[in-house]
Number of protein chains: 2
Amino acid sequence: MAQKQNRSRYAILGILSYRPMSGYDVQKFFADIAGFWQESYGQIYPNLRQLLAEGLVSKQVEEREKGPNRHVYALTAVGQQELHTWLQQTAEPLPVRNELLLKLIFGHEAGPAATRRQLETYREQITADMGNLRIVEAWQEAQMDEGDPHALYRRMAVRHALRTNQALLIWCDECLAELEELVIE
Amino acid sequence: MAQKQNRSRYAILGILSYRPMSGYDVQKFFADIAGFWQESYGQIYPNLRQLLAEGLVSKQVEEREKGPNRHVYALTAVGQQELHTWLQQTAEPLPVRNELLLKLIFGHEAGPAATRRQLETYREQITADMGNLRIVEAWQEAQMDEGDPHALYRRMAVRHALRTNQALLIWCDECLAELEELVIE
DNA sequence: GGAGTCATGTAACTTGTTACATGATTGA
DNA sequence: TCAATCATGTAACAAGTTACATGACTCC
């Protein structure tokens, strides 16, 4: 019955399957990857400690003359097993809470001008996001050429966002047109 | 500095701008609306009490012979003002954590068969979802015809999901094709 | 008779973020 | 000189879900 989720735990195990990393590296990896996942230090460090205690990861301290030492964590065989088990389970659709849509359905209360502004801002955000995504996509393709076996999958993730954004630009225009009609009538 | 979010608070204020409702009604409204927002009783009841204490909503008890009384809450002028202020502020893109994509980028570790299974399940979920969305869309259109001024906006929200899902079906096929190639080579 | 709906509400828990503390190095 | 990056970690908080308690009515 007890539904322990703790997705951070598996995100960390997963990324350590790429290669051994420090907590700092883990944070950076997700920050760079393109927006569909993030981890904060407040999750990463306690989770790494926990994973170490459970024997799912091992730790090696890299001595450095300057600044704090790097604590590099690697997946153990047990950790890999746990990761595998999790990967076989169907990803369940997480409950979404979309604030833009929430504001949108109160559009009658907000007024058409405010609603139009929301949509236009959203449109700009999406456009900007797509610029970044195309850069990341190209970067993943470069990694593929270099023989990184993970890059193909990361490119899929990037394209998920690209496809979605593409569709949402059309949606924005559709909505803006509908609002125009409302104002004219 | 203090970044109080509490989106439940505004979700509740917003929905009370449609019409006075009980906590039970609020939950049901979001459950019915089509998946881009939900509220649990654990959020609704304490928030309603808080909003009442702050004078943003008023409460009226409907006596009923059988079962518990209905506590019906209505937006006050102050509450409407607070809602307005919130509606004018740009909706910030919430940080997403997409579990499917997380599993996907560990596809090399999971193996092509497991990855294919994930994508196929996702595809089925989306297809099923679109069926529901089309029903909700039709329902919103019926409400529009009946003169509900909010229905146009709710239809926009539904179409947001329809457009997204449409794009993601194409994305799924694209990914599945790419996986096929991987296996063949 | 059993499932579902109506209807209130709370307590325990999980999950996650933000801000802070600390401090050196590097590059514009 | 100022911002960014490297690097560890914790404490306080916010947000939200789930499960429970309670109980009647209605429809199949």
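Chain letters run A, B, ... following the sequence lines, proteins first, then strands; residues in each count from 1.
The number of heavy-atom neighbours closer than 6.0 Å to CD of A/Gln60, taken from other residues, nucleotides and ligands shown, is 12 or below.
Protein atom OH of B/Tyr41 is 8 Å distant from nucleotide atom C1' of C/dA7, rounded to whole Å. Atom C1' of nucleotide D/dT8 and atom CG of A/Asp25 are separated by 12 Å, given to the nearest angstrom. With rounding to whole Å, A/Ile44 atom CD1 is found 14 Å from D/dC6 atom P. Across the protein-nucleic acid pair, A/Asn6 atom CG and C/dT17 atom C1' stand 15 Å apart, rounded to whole Å. The interatomic distance linking B/Asn47 (CG) with D/dT17 (C1') rounds to 14 Å, in whole Å. Going from atom CZ of B/Phe30 over to atom C1' of D/dG16 covers 15 Å, rounded to whole Å. For the pair B/Tyr10 OH and D/dG16 P, the interatomic distance rounds to 12 Å; values are reported in whole Å. Distance CG (A/Leu52) to C1' (D/dG9): 15 Å, rounded to an integer number of Å.
Between A/Arg7 and C/dG16 there is a side-chain polar atom (N or O) within less than 4.0 angstrom of OP1 or OP2. Distances shown here put a side-chain N or O of A/Ser22 below 4.0 Å from the OP1 or OP2 atom of D/dT8. Dashed line: the shortest gap from a side-chain N or O of A/Arg49 to OP1 or OP2 of D/dG9 is not under 4.0 Å. In terms of phosphate contacts, B/Gln27 brings no side-chain nitrogen or oxygen within less than 4.0 Å of OP1 or OP2 of C/dA7. Using a 4.0 Å cut-off, some side-chain N or O of B/Tyr45 falls inside it from OP1 or OP2 of C/dT8. Residue B/Arg9 places none of its side-chain N or O atoms closer than 4.0 Å to OP1 or OP2 of D/dA15. Remark: A/Ser8 is in phosphate contact with C/dG16, judged by side-chain N or O atoms under 4.0 Å from OP1 or OP2.
At a threshold of 4.0 Å, the pair B/Arg7-A/Glu99 counts as salt-bridged, since one of the basic side-chain nitrogens sits closer than that to a carboxylate oxygen. Note on A/Glu141 versus A/Arg155: salt bridge recorded, some NZ/NE/NH1/NH2 to OD/OE distance being below 4.0 Å. The pair B/Asp25-B/Arg19 does not meet the salt-bridge criterion, since no charged nitrogen lies less than 4.0 angstrom from a carboxylate oxygen.
Considering only the side chain of B/Pro46, C/dT10 comes nearest among C/dT10, C/dT17, D/dA15. For A/His71, the side-chain atoms get nearest to D/dG9 when compared with the rest of C/dG16, D/dG16, D/dG9.
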Restricting both atoms to N or O, compile the protein contacts to nucleotides 4-6 of chain C shorter than 3.5 Å, with distance only.
| residue | atom | partner | partner atom | Å |
| --- | --- | --- | --- | --- |
| C/dC6 | OP2 | B/Tyr24 | OH | 3.0 |

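Within the structure, ring pair (Phe, Tyr, Trp, His ring centres under 6.0 Å) pairs that include any residue of residues 72-104 of chain B comprise B/Tyr10-B/Trp86 (at least two apart or interchain).
A residue-by-residue look at B/Gly42 and B/Arg97 shows that B/Gly42 has its nearest nucleotide of DNA chain C further toward the 5' end.
When atom types are taken as modelled, the side chain of A/Thr76 and the backbone of A/Leu56 share a donor-acceptor pair closer than 3.5 angstrom.
Note on the helix from C/dG1-D/dC28 to C/dA28-D/dT1: angle between the axes of the first and last five pairs equals 50°, rounded to 10 degrees.
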Can you list the steps and then say if B/Tyr18 with B/Phe29 is a ring-ring contact (aromatic ring centres under 6.0 Å, His included)?
CA-CA 11 Å; B/Tyr18 275 27; B/Phe29 178 88; 5.6 Å; yes

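Side-chain contact of B/Tyr45 with B/His71: a donor-acceptor pair under 3.5 Å is absent, judged by distance alone. Judged by distance alone, the side chains of B/Gln38 and B/Gln27 never bring a donor and an acceptor atom under 3.5 Å apart. B/Arg97 and A/Ser8 form a side-chain donor-acceptor contact under 3.5 Å, judged by distance and modelled atom types alone.
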